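These notes are about the structure you will find just below.
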Amino acid sequence: MALRFFNTYSRQIEEFQPRDPAKRKISVYTCGPTVYSRAHIGNFRAYIFEDLLQRHLELRGYKVHRVMNITDVDDKTIRGAREAKIPLSKFTAPFKQAFFEDIETMRIKRADEFPAATDPRYVDRMIEMIDTLISRGLAYQADDKSVYFRINKFADYGKLAHFDLTQLQSTGRVKHDEYDKEHIGDFALWKAWDEEDGDVGWESPWGRGRPGWHIECSAMATALLGDQIDIHCGGVDNIFPHHEAEIAQSEGVTGKKFVRHWLHCAHLLVDGQKMSKSLGNFYTLPNLLEKGYTGREIRYALMRVHYRAPLNFTWKGMEEARQALTRIDEWLMRLRATAAKKIDKGKTGMQLGTQFEEALDDDLNISAALGFLFESIRETNRAMDQNEMDAATANAWLDWWKRINTVLDLEPETEVGVPAEVAQLAKDRENARREKNWKRSDQLRERISALGWEVRDTKDGPKVTPRSAA
RNA sequence: GGCGGGGUAGCCAAGUGGUAAGGUCGCGGUCUGCAAAACCGCUAUUCGCGGGUUCGAUUCCCGCCCCCGCCUCCA
């Protein structure tokens, strides 16, 4: 079965058809963070979804060229810089750095490029695009000196969100300079400088000002990926107006279809509501790390639910993620031990199956994919329990895991060595057990546990492992 | 009001026109000195509600209900 995704534009599952199927090189543009504060895990749900998408495309042999923009100039960053009384770039720098730290902690692959909105190359490109839009009658400068996109001149405006322009209502969320615009839906391409902008601004044919949010993505996407992009992603809240505007701007300039496949992920909820800065119901990555959760646990927790379904964040969910990962870890340790034993009798040729990849082909059905993984784990554990797994088969499963783990990236952190103190206690305990001194043995196990380690008696002797932080 | 997404066990969550994957939690068992891990068994006569089509619907159709989101700078 072919690779297929739900396309927001058509609202249908469609077979993935890149521009250039023969070369298998595809372009992906993903909307990145606005660096005015630390991103919260709701933001990262989108980035993890995009990471899963990229890794699966790569597993299927595509060479992905991915761009993620960094919005480092907008109302919020300007306000933050002004309040902190520091230059804009100085204000945004630590948030950029925090963002890169966070994606690394969650094992999110870095995009090939992270263009910044304030990069002069892209500001020039934005000005150039706006100029073209004006010359085509698709944009105009209003009395307030800002330049707006004239949505009535772009026939397809509203097609992505499936909005009827006459039905647009103002939610009052954003203050409008409605009096200057021809249509309430016209959006800013270039915002004229005002006093609140301080020293933030660029010279343009329309006077000093700064780019609107939407034009930055159109400029960077077309500059780095060309006139047509294979896949463009973001959160559902970007569908309108942001991505709608991107289509209007990009197609208004190039005259070509901007994006072949639009993919949007649903929100992360907290207590049944969208996690957002404005509601104050958000957690950052450091918040979760402080609670003792690791990056991969958070990665798993955010990844395990299908990207188009809302995901409710709960601590119980974090615990479930931890337990599920422990199950995978134990399985890998057993497989490695079996592979090392060089047993050559037993069941060979167990069915490894391709259901994992096939599930992901189906609009990234991660739940079905993980279901198959866990079924495989039970099946292979059973074989190992019955000593029916030979080394070759164990290695085949390890190779299989290696393959699917290029997508999941859930391998445990490299094991830390057992501290000498713990090792000594384990040794003492083993001696006590030989003497059948169960009381002392249990006491020593308690002490080992208090130090954060767990000792288990297996057929091959005691195994000391780190106790998962509870 | 318009446009989407979702509603399946205590919790999370796949799925199919033919009778419900998987994870987690709980209970019982095997193993173990005891544990742990693993394995085995149990845990939804039922898939938001009401109709309809059908031999048969959770799955298709119609009508409702509930939750979440977007409706002009939120991933």
Side-chain angles (χ1 to χ4, degrees), chain A residues 6 8 11 30-34 39-50 71 74-76 151 158 161-171 173-174 176 178 181 183-188 191 212-214 216 233-242 244-245 264-269 272-279 300-301 304-306 308-312 314 316-317 319-324 326-327 330-331 333-334 355 359 365-375 377-378 381-386 433 436-438 441-442 445 454-459 463 465:
Chain A
F6 183 86
T8 309
R11 309 271 189 212
T30 51
C31 285
T34 301
H40 59 67
I41 56 169
N43 302 127
F44 286 110
R45 184 195 186 188
Y47 308 141
I48 283 179
F49 141 64
E50 289 153 3
T71 300
D74 79 320
D75 291 351
K76 284 176 251 176
I151 61 168
H162 295 221
F163 279 171
D164 175 356
L165 297 185
T166 62
Q167 294 284 335
L168 288 185
Q169 287 182 6
S170 173
T171 53
R173 202 179 63 178
V174 177
H176 294 119
E178 299 172 16
K181 295 197 283 188
H183 186 287
I184 185 178
D186 289 352
F187 56 88
K191 303 181 98 164
W213 177 39
H214 314 305
E216 92 181 47
C233 318
V236 287
D237 49 2
N238 275 161
I239 296 171
F240 195 90
H242 187 53
E244 196 73 68
H264 292 95
C265 75
H267 284 127
L268 184 67
L269 311 178
Q273 285 208 304
K274 174 180 165 183
M275 180 176 288
S276 73
K277 295 270 171 65
S278 52
L279 288 169
Y300 183 87
R304 66 187 179 135
V305 173
H306 185 86
R308 281 192 292 119
L311 197 178
N312 200 19
T314 60
K316 193 171 182 175
E319 260 336 288
E320 289 181 4
R322 166 171 289 170
Q323 291 310 323
T326 303
R327 186 163 163 78
E330 301 280 357
W331 174 66
M333 287 195 310
R334 277 191 87 179
Q355 283 104 311
N365 189 342
I366 187 69
S367 303
L370 290 172
F372 180 67
L373 166 63
F374 285 107
E375 274 177 31
I377 288 176
R378 183 156 37 76
N381 274 334
R382 184 163 48 216
M384 287 188 280
D385 272 2
Q386 293 164 358
R433 291 187 70 234
K436 300 206 188 295
N437 186 345
W438 307 128
S441 159
D442 290 346
R445 182 160 57 197
E454 182 175 53
V455 60
R456 275 192 222 154
D457 304 315
T458 72
K459 276 180 222 154
K463 282 257 181 340
T465 53

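The structure presented is a predicted model; accordingly, all values stated were derived computationally and were not measured. Naming convention: chains lettered A, B, ... in sequence-line order (proteins, then strands); numbering from 1 in each chain.
Residue A/F240 contributes atom CZ, which lies 18 Å from atom C1' of B/rG5 at whole-angstrom precision. Going from atom CG of A/L373 over to atom P of B/rG23 covers 10 Å, rounded to whole Å. The CG atom of A/N365 sits 11 Å away from the C1' atom of B/rA21 (whole-angstrom rounding). We find that NZ of A/K316 is positioned 14 Å from C1' of B/rA13, with the value rounded to whole Å. If you take NE2 of A/H183 and C1' of B/rU72, they are 11 Å apart, rounded to a whole angstrom. Here B/rG69 presents its P atom at 11 Å from CG of A/N312, a figure rounded to the nearest Å. Remark: C1' of B/rC74 and NZ of A/K76 are 6 Å apart, rounded to the nearest angstrom. One atom, CG of A/D385, and another, P of B/rA37, lie 13 Å apart when rounded to the nearest Å.
Counting only heavy atoms from C-beta on, A/S441 has its side chain closest to B/rG33 among B/rC74, B/rG33, B/rG22. The listed nucleotides are B/rC39, B/rC40, B/rG22; the one nearest the side chain of A/R382 is B/rC40. Nearest nucleotide to the side chain of A/R308, out of B/rG5, B/rC70, B/rG23: B/rG5. You'll find that the side chain of A/R433 is closest to B/rC34, out of B/rG23, B/rC34, B/rC40. The side chain of A/F6 sits closest to B/rG5 out of B/rC3, B/rG5, B/rU72. In the set B/rU72, B/rC12, B/rC3, B/rU72 carries the atom at the smallest distance from any side-chain atom of A/I151. Taking the side chain of A/R445 as heavy atoms from C-beta on, and the options B/rA36, B/rG10, B/rG33, the nearest nucleotide is B/rG33. Taking the side chain of A/P310 as heavy atoms from C-beta on, and the options B/rG5, B/rC71, B/rG10, the nearest nucleotide is B/rG5. Here the side chain of A/S367 is nearest to one of B/rC68, B/rC71, B/rA13, namely B/rA13. Comparing atom distances between the A/R456 side chain and each of B/rA35, B/rG22, B/rA13 picks out B/rA35 as nearest.
Residue contacts shown for A/L269 are limited to sugar-phosphate atoms, with no base heavy atom under 4.0 Å away. Using a 4.0 Å heavy-atom distance criterion, A/G234 is classed as a sugar-phosphate-only contact. Using a 4.0 Å heavy-atom distance criterion, A/A188 is classed as a base contact. Across all strands, A/M275 comes closer than 4.0 Å to base atoms (heavy-atom distances). Residue contacts for A/D74: at a heavy-atom cut-off of 4.0 Å it reaches no nucleic acid atom on any strand shown. No engagement by A/G212 is indicated, since no non-hydrogen atom pair under 4.0 Å with the nucleic acid exists.
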**OP:** Determine, step by step, whether A/V236 and A/R308 satisfy the side-chain contact (heavy atoms from CB on, under 4.5 Å) criterion, reporting the C-alpha distance in whole Å, the side-chain angles of both residues, the deciding distance to 0.1 Å, and the verdict.
**Re:** CA-CA 9 Å; A/V236 287; A/R308 281 192 292 119; over 6 Å; no
Original post:
Checking salt bridge (Lys or Arg N to Asp or Glu O under 4.0 Å) for the pair A/D75/A/K191: CA distance, chi angles, key distance, verdict?
Top reply: CA-CA 11 Å; A/D75 291 351; A/K191 303 181 98 164; 3.7 Å; yes
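Residue A/R378 places at least one side-chain N or O under 4.0 Å from the OP1 or OP2 atom of B/rG22. For B/rG23, one of the phosphate oxygens OP1 or OP2 lies less than 4.0 angstrom from a side-chain nitrogen or oxygen of A/R327.
Distance CZ/A/R378 to CZ/A/R382: 6.0 Å, rounded to 0.5 Å.
B/rU54 sits 23 Å from B/rC64 when the P atoms are compared, rounded to a whole Å. B/rG48 and B/rC66 have their C1' atoms separated by 7 Å, given to the nearest Å. For B/rU8 and B/rU58, the P atoms lie 15 Å apart once the distance is rounded to whole Å. Comparing B/rG6 with B/rA44, their P atoms sit 27 Å apart, to the nearest whole Å. Annotation: B/rC67 and B/rU45 have their P atoms spaced 25 Å apart (nearest Å). Rounded to whole Å, the C1' atom of B/rG18 lies 24 Å from the corresponding atom of B/rG50. The C1' atoms of B/rG63 and B/rC68 are separated by 22 Å, rounded to the nearest whole Å. Here, B/rA21 and B/rA9 have their P atoms 14 Å apart, quoted to the whole Å.
Both A/R11 and A/N43 lie close to RNA chain B; mapped to their nearest nucleotides by heavy-atom distance, the more 5′-ward contact belongs to A/R11. Place A/G371 and A/W438 on RNA chain B by their nearest nucleotides, and A/G371 ends up nearer the 5' end.
Side chains of A/S367 and A/H306: no donor on one and acceptor on the other come within 3.5 Å.
Judged by distance alone, with hydrogens and angles left aside, the side-chain atoms of A/E244 form a donor-acceptor pair with the main-chain N or O of A/G158 at under 3.5 Å.
Salt bridge A/E454/A/R445: absent, no basic N to carboxylate O contact under 4.0 Å. A salt bridge does not link A/K463 to A/D457: none of the charged nitrogens lies less than 4.0 Å from a carboxylate oxygen. A salt bridge links A/R334 with A/D385: the distance from a Lys NZ or Arg NE/NH1/NH2 to an Asp or Glu carboxylate oxygen falls below 4.0 Å.
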